[in-house]
Amino acid sequence: MNSRERVKLALQHREPDRVPIHDSPWAATADRWRTEGLPSGISPADYFGYELCGFGADTSPQFPVEVLSEDEQYIVERNSFGGIRKNHRDFSTTPMIIDYPCKGREDWDNMKPKLTPSDYRVDWVSGLQAFSRERSRGRFITYNATVGYDKVQSYVASPRLLKAVIAEPEWVEDMYRTDAKLAIGMCDRMIGGGFEFDGAFLYCDLGYRGGLFFSPKHYEAQLHPVFKDLCSFFHSKGMSVLLHCCGKVKDLVPYFIEEGIDCLQPLEVKSGMNLMQLKEQYGDKICFMGGIDVRLMALDDPKPIEKEIKEKVTKAKEGGGYIYHSDHSVPKNVSFQQYKRVIELVKRYGEYK
């Protein structure tokens, strides 16, 4: 059974030969692993056999990227959205946000004409070559796009945006819908140009450790209809829809199900997202991906992470509907040997008899 078959069965709430495996190590983590045994020139995805592979388009306003300053530790850039960000040179942490391009509705209205589908938004040469390679290896191919609130945060500072959610809902909805229309248009173009997608992997963080960024009422009124439209389009193309949504978002799971989201990821443990409880409550209606506490991977004592994987994977895999992933991404405090053991444990406890 190849990866595409394995993931598709899991997303259909059926049991494949074993739980599919995917994960997201930091670039700095991969750098560490190469000093500890990861072969040079081999990506973690290839070494560990990650089963999904994503491709996307540039859905920014495509402003020129400019390096404004840099030193031995940091680099400050103006990005393709027109915002200014300060990053560590290895891009291993969340960037410091210095400035945003949209201070109000007028800035957005001036930028909006730049957000239309175009063939210039796709790397047709190397992208199609990589797609053909990964599809021939049997991987589950996704169209990846950041959408909704998460995407609009690239344009508008969070405090300003949260005020607009309450006081300027028409503007917020216009930003959501403009971006969704671009994401749909670019997927259509990529399919027309030769890409074949098994699913869509959408990224939209809606919460933090303590709860949601805004109320379910505002989500239902403003973003819920947009996700319905996105899911309707992708399903019309025969694509499953996976949603990456960080934070404590369990109050939104019924909305995700109604929209047609097929799988929710990453289920952050520190935010109170309990994989086993979610599986018991919603497992017949939506699939889950993640929920394995990455903090336990870095412990010197190997027992807690084995207990975590044994209990959660054994329960979550019942009847299909589960894909292994850490509960966010793998930081650089996890050694190569520790992570190799994680994958060995997932394969052991994720096997279907």
Side-chain angles (χ1 to χ4, degrees), residues 7-16 19-20 22 52 140 142-151 173 176-177 180 183-184 187 197-208 211-269 271-292 312-313 315-325 327-328:
V7 174
K8 283 188 173 183
L9 282 174
L11 292 174
Q12 293 165 6
H13 298 268
R14 298 167 61 192
E15 296 184 354
V19 164
H22 195 64
L52 287 79
F140 184 92
T142 58
Y143 169 73
N144 291 6
T146 303
V147 297
Y149 181 85
D150 209 8
K151 181 65 165 294
E173 291 169 29
Y176 288 162
R177 290 199 173 277
I184 287 171
C187 182
F197 297 117
D198 301 300
F201 210 142
L202 305 180
Y203 297 81
C204 185
D205 291 344
L206 293 166
Y208 65 108
L212 299 172
F213 292 143
F214 46 84
S215 72
K217 178 186 72 173
H218 287 100
Y219 177 86
E220 182 176 14
Q222 298 171 10
L223 194 48
H224 184 49
V226 176
F227 270 111
K228 280 185 176 180
D229 290 346
L230 285 163
C231 289
S232 178
F233 168 78
F234 293 123
H235 288 162
S236 76
K237 300 294 182 181
M239 299 162 60
S240 301
V241 182
L242 298 83
L243 175 64
H244 168 97
C245 192
C246 289
K248 189 176 183 179
V249 296
K250 57 185 179 183
D251 288 345
L252 297 181
V253 173
Y255 294 104
F256 298 155
I257 292 169
E258 184 181 334
E259 290 155 7
I261 300 295
D262 296 290
C263 183
L264 178 62
Q265 183 264 358
L267 314 180
E268 286 187 280
V269 175
S271 297
M273 296 294 286
N274 187 302
L275 170 60
M276 290 191 285
Q277 289 179 1
L278 289 166
K279 175 75 176 186
E280 183 175 353
Q281 188 171 2
Y282 300 111
D284 60 334
K285 300 179 182 69
I286 190 170
C287 302
F288 296 105
M289 179 178 179
I292 303 300
K312 290 186 176 180
V313 172
K315 175 67 176 178
K317 74 177 184 181
E318 293 177 3
Y322 179 68
I323 299 170
Y324 161 78
H325 197 284
D327 71 332
H328 192 268

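For this chain, numbers begin at 1 and follow the sequence in order.
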Fill in: side-chain contact (heavy atoms from CB on, under 4.5 Å) between Leu223 and Leu206, intermediate numbers included
CA-CA 11 Å; Leu223 194 48; Leu206 293 166; 3.9 Å; yes

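- With hydrogens and angles disregarded, no donor-acceptor distance shorter than 3.5 Å links the side chain of Lys250 to the backbone of Met273.
- Closest heavy-atom contact between Pro254 and Tyr282: CG-OH, 3.7 Å.
- Side-chain rings of Tyr324 and Tyr322 stay apart, their centers remaining 6.0 Å or farther from each other.
- Contact annotation: the side chain of Cys204 approaches that of Tyr149 to within less than 4.5 Å [non-hydrogen atoms, C-beta and beyond].
- Residues Tyr208 and Cys246 have side chains not in contact (no heavy-atom distance under 4.5 Å, counting atoms from C-beta outward).
- The distance from the CD atom of Gln12 to the OG atom of Ser240 is 7.5 Å, given to the nearest 0.5 Å.
- Put simply, the side chain of His22 never gets that close to the backbone of Ile323: no donor and acceptor are under 3.5 Å apart.
- Taking the six-membered ring for Trp, Phe197 and Tyr143 have ring centres closer than 6.0 Å.
- Taking NE2 of His13 as the start and CD of Glu318 as the end, the distance is 14.0 Å to the nearest 0.5 Å.
- Looking at every heavy atom in both residues, Phe256 comes nearest to Cys245 through CZ-SG, 4.1 Å.
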Practice prompt. Dump the intermediate steps for side-chain contact (heavy atoms from CB on, under 4.5 Å) on Lys8 and Phe140, then the final yes or no.
Written response: CA-CA 8 Å; Lys8 283 188 173 183; Phe140 184 92; 3.8 Å; yes

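- A donor-acceptor distance shorter than 3.5 angstrom exists from the side chain of Glu268 to the backbone of Gly247, with no hydrogens or angles considered.
- For the salt bridge (charged side-chain N to carboxylate O under 4.0 Å, His left out) test, residues two or more places apart in sequence or in another chain that qualify with Lys312 are Glu308.
- Counting heavy atoms from C-beta on, the side chains of Lys317 and Glu15 never come closer than 4.5 Å.
- In this structure, Lys228 pairs ionically with Glu258, as a charged nitrogen and a carboxylate oxygen lie closer than 4.0 Å.
- Of the possible donor and acceptor atoms, none in the side chain of His328 sits under 3.5 Å from a partner among the backbone N and O of Gly291.
- With contacts defined as side-chain heavy-atom distances shorter than 4.5 Å, the pair Cys263/Leu11 qualifies.
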Practice prompt. Decide side-chain contact (heavy atoms from CB on, under 4.5 Å) for Phe201 and Gln265; before the verdict, give the C-alpha distance in whole Å, the side-chain angles of both, and the deciding distance to 0.1 Å.
Written response: CA-CA 10 Å; Phe201 210 142; Gln265 183 264 358; 3.8 Å; yes

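- For the residue pair Gly290 and Leu275, the shortest heavy atom distance occurs at O-CD2, 3.7 Å.
- Side-chain contact between Ile292 and Asp327: absent, with no pair of heavy atoms (C-beta onward) separated by less than 4.5 Å.
- In this structure the side chain of Asp262 never reaches within 4.5 angstrom of the side chain of Leu242, judged on heavy atoms.
- With rounding to the nearest 0.5 angstrom, the CD1 atom of Ile261 is 3.5 Å from the SG atom of Cys231.
- At distances below 3.5 Å, not a single donor-acceptor pair connects side-chain atoms of Ser232 with backbone N or O atoms of Asp229.
- A distance of 10.0 Å separates CD of Glu259 from CG of Leu202, quoted to the nearest 0.5 Å.
- Counting only heavy atoms from C-beta outward, the side chains of Leu243 and Phe227 approach each other to under 4.5 Å.
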Practice prompt. Show your reasoning for whether side-chain hydrogen bond (donor to acceptor under 3.5 Å, both in side chains) applies to His244 and Asp150.
Written response: CA-CA 10 Å; His244 168 97; Asp150 209 8; 5.9 Å; no

Worksheet item: Checking side-chain contact (heavy atoms from CB on, under 4.5 Å) for the pair Asp198/Thr142: CA distance, chi angles, key distance, verdict?
Response: CA-CA 6 Å; Asp198 301 300; Thr142 58; over 6 Å; no

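- Between Gly260 and Val241, the shortest heavy-atom distance links the atoms O-CB, 4.4 Å.
- For the pair Leu267 and Asn274, the minimum side-chain heavy-atom distance is 4.5 Å or more.
- The local environment of CD in Glu280 is sparse, with at most 12 non-hydrogen atoms from other residues, nucleotides or ligands closer than 6.0 Å.
- Nearest heavy-atom pair across Tyr255 and Tyr219 is CB-CE2, 3.7 Å.
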